[in-house]
Amino acid sequence: MRRALTALALLALLPAAAAQTPTPPPAGDIRDLDTLVVTGEQPGPGLWKVTRGGHVLWILGTVSPLPKDMTWLSRQVEATIADSQEVIAPPSVSLGTELGVFRTMMLIPTALKARKNPDGKTLQDVVPADLYARWSALKARYIGRDGGVEKWRPIFAAQELYEAAIKQSGLSLKGVVQPVVEKAAKQHGVPVVEARVTLKIDDPKAMLKEFADSAMDDRECFAKTLSRIETDLEAMRARGNAWAVGDIATLRTLPQGDQYRTCLEALAATGVARRLNLGDLRQRVSANWLERAQEAIAKNNSTFASLPVADLLESGGLLDKLRDAGYTVEDP
């Protein structure tokens, strides 16, 4: 079910930085990685501090992917949560239905069909020849001979390839921060405030069927994901290392590559997405989180939150919005 709904799950992945797509190398020219990822116990970064009237919001910047063999020393974060009155969850999107567990499971066959190209077409049929050549070279390296993925829509196939490349690069997409935050909050009895926008779906089966039968221009998403794998794995490793050792200065200098915004735009252009009002989803999610943050600062002496580093470093991002609203922001 997780992979079948990858396109919809992308709604929960709302990175802030604009996509940066360097010129890709020629097809088949896949560069080896030089940067070694860190291992063992690492401190992670310090916390951003947002204050007003003696009330403070502590924010931990997060990065994904991270070195897979790293152990995060989270004592500072755990102590901060223990001393706080609330924890604000990261911005998120959920799909709400009125279905029970059994009826939800009955959607799986339709969802599996939805990830495939309409009319039985393959990737080779729906993407330009030069893109397909690059795909083939990367697929041979990171996925292997799996033929099933060749029937998937470009947006799904690209995500499958991206996850495989991350796994083979000494990195992991598995969340490191949130499990620690949730455990610490539970241990110390600190309530967690959700910052979630819920999209209500009255008839998910009909929605999935419509999506399965509809065309989607996701070739740009496909191309940018390929470029990210071809050119950005080295930078991803460097970003993961910088986060692990708490090197904020280096994080500022590294480009924040991001294909998800382009992929989300492809989804937002579909008829299904227009009915769900996805065009301004990113703005709604940001506004929702800012409202939760301002409410928490007003009533709590101390609040803890975590946000993607890209959201914190982006010009005009969430920290800049708090500054514009009159809050004092101190970097780690």
Side-chain angles (χ1 to χ4, degrees), residues 6 10 13-38 61-68 70 123-124 126-144 146 149-150 152-174 217-245 247-266 308-311 313-315:
T6 299
L10 285 174
L13 303 174
L14 297 167
Q20 301 182 28
T21 309
T23 302
D29 181 14
I30 305 172
R31 293 179 292 188
D32 289 327
L33 302 172
D34 297 317
T35 301
L36 297 176
V37 294
V38 300
T62 60
V63 165
S64 181
L66 286 172
K68 67 179 180 180
M70 175 205 76
L123 278 174
Q124 193 167 12
V126 299
V127 301
D130 60 328
L131 276 183
Y132 186 75
R134 290 164 57 194
W135 155 266
S136 296
L138 291 166
K139 175 177 176 279
R141 177 164 185 168
Y142 295 116
I143 295 180
D146 180 1
V149 72
E150 294 285 344
W152 292 6
R153 293 174 185 256
I155 192 171
F156 296 116
Q159 180 65 15
E160 184 79 357
L161 178 63
Y162 176 74
E163 292 180 11
I166 293 297
K167 186 175 181 180
Q168 291 189 38
S169 301
L171 299 168
S172 173
L173 291 166
K174 182 179 179 182
D217 187 7
D218 52 356
R219 288 171 296 180
E220 186 66 14
C221 162
F222 186 73
K224 289 199 173 184
T225 304
L226 296 188
S227 292
R228 183 125 197 249
I229 295 167
E230 290 165 333
T231 64
D232 198 40
L233 284 176
E234 188 78 5
M236 281 189 252
R237 290 156 70 99
R239 278 194 295 274
N241 285 348
W243 187 94
V245 301
D247 187 352
I248 301 296
T250 295
L251 283 175
R252 289 183 183 279
T253 66
L254 293 168
Q256 300 292 324
D258 167 28
Q259 75 276 21
Y260 287 119
R261 181 175 291 184
T262 302
C263 296
L264 185 59
E265 288 170 356
V309 164
D311 281 333
L313 299 183
E314 180 189 30
S315 177

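In this text the structure is predicted, and so the values were computed from the model without any measurement.
- With Lys139 contributing its side chain and Gly144 its backbone, the two residues share a donor-acceptor pair below 3.5 Å.
- The two residues Ala165 and Tyr142 come nearest to each other via the heavy atoms CA-CD2, 3.6 Å.
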Practice task
Go through the steps for Ser169 and Lys68 under the test side chain to side chain contact (heavy atoms under 4.5 Å, CB included), then give the verdict.
Solution key: CA-CA 9 Å; Ser169 301; Lys68 67 179 180 180; over 6 Å; no
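- Residues Val126 and Arg219 come closest through the heavy atom pair O-CD, 3.4 Å.
- Between Asp232 and Arg239, the closest side-chain pair of non-hydrogen atoms falls below 4.5 Å.
- Nearest heavy atoms, Pro65 versus Val63: O-CG1, 3.7 Å.
- We find the CE-OG distance between Met70 and Ser172 to be 9.0 Å, quoted to the nearest 0.5 Å.
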Exercise for the section: Could you go through the side chain to side chain contact (heavy atoms under 4.5 Å, CB included) check for Leu313 and Arg252 one step at a time? Expected result: CA-CA 7 Å; Leu313 299 183; Arg252 289 183 183 279; 3.4 Å; yes
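- Going from atom CD of Glu163 over to atom CD1 of Ile229 covers 10.0 Å, rounded to the nearest 0.5 Å.
- Considering only residues two or more places apart in sequence or on other chains, Ser64 meets the side-chain contact (heavy atoms from CB on, under 4.5 Å) condition with Leu173.
- A pairwise comparison of heavy atoms in Leu123 and Arg153 identifies CD2-C, 4.3 Å as the closest pair.
- Separating the OG1 atom in Thr253 from the CD1 atom in Ile248 is a distance of 11.0 Å, to the nearest 0.5 Å.
- Distance check: Arg237 CZ to Leu66 CG gives 13.0 Å after rounding to the nearest 0.5 Å.
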Exercise for the section: Apply the test side chain to side chain contact (heavy atoms under 4.5 Å, CB included) to residues Val149 and Leu161: give CA-CA distance (whole Å), side-chain angles for both, the deciding distance (0.1 Å), then the verdict. Expected result: CA-CA 9 Å; Val149 72; Leu161 178 63; over 6 Å; no
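- We find the CD-CD1 distance between Glu160 and Ile143 to be 5.5 Å, quoted to the nearest 0.5 Å.
- With sequence neighbours left out, the side-chain hydrogen bond (donor to acceptor under 3.5 Å, both in side chains) criterion links Glu150 to Tyr132, Trp135.
- Scored by the side-chain hydrogen bond (donor to acceptor under 3.5 Å, both in side chains) test, Thr250 finds Asp247 as partners (sequence neighbours excluded).
- The minimum heavy-atom distance between Gly61 and Val309, with the atom names listed, is C-CG2, 3.5 Å.
- Taken to the nearest 0.5 Å, the CZ atom of Arg228 stands 4.0 Å off from the CE atom of Met236.
- Between Leu233 and Ile166, the shortest heavy-atom distance links the atoms CD2-CD1, 4.1 Å.
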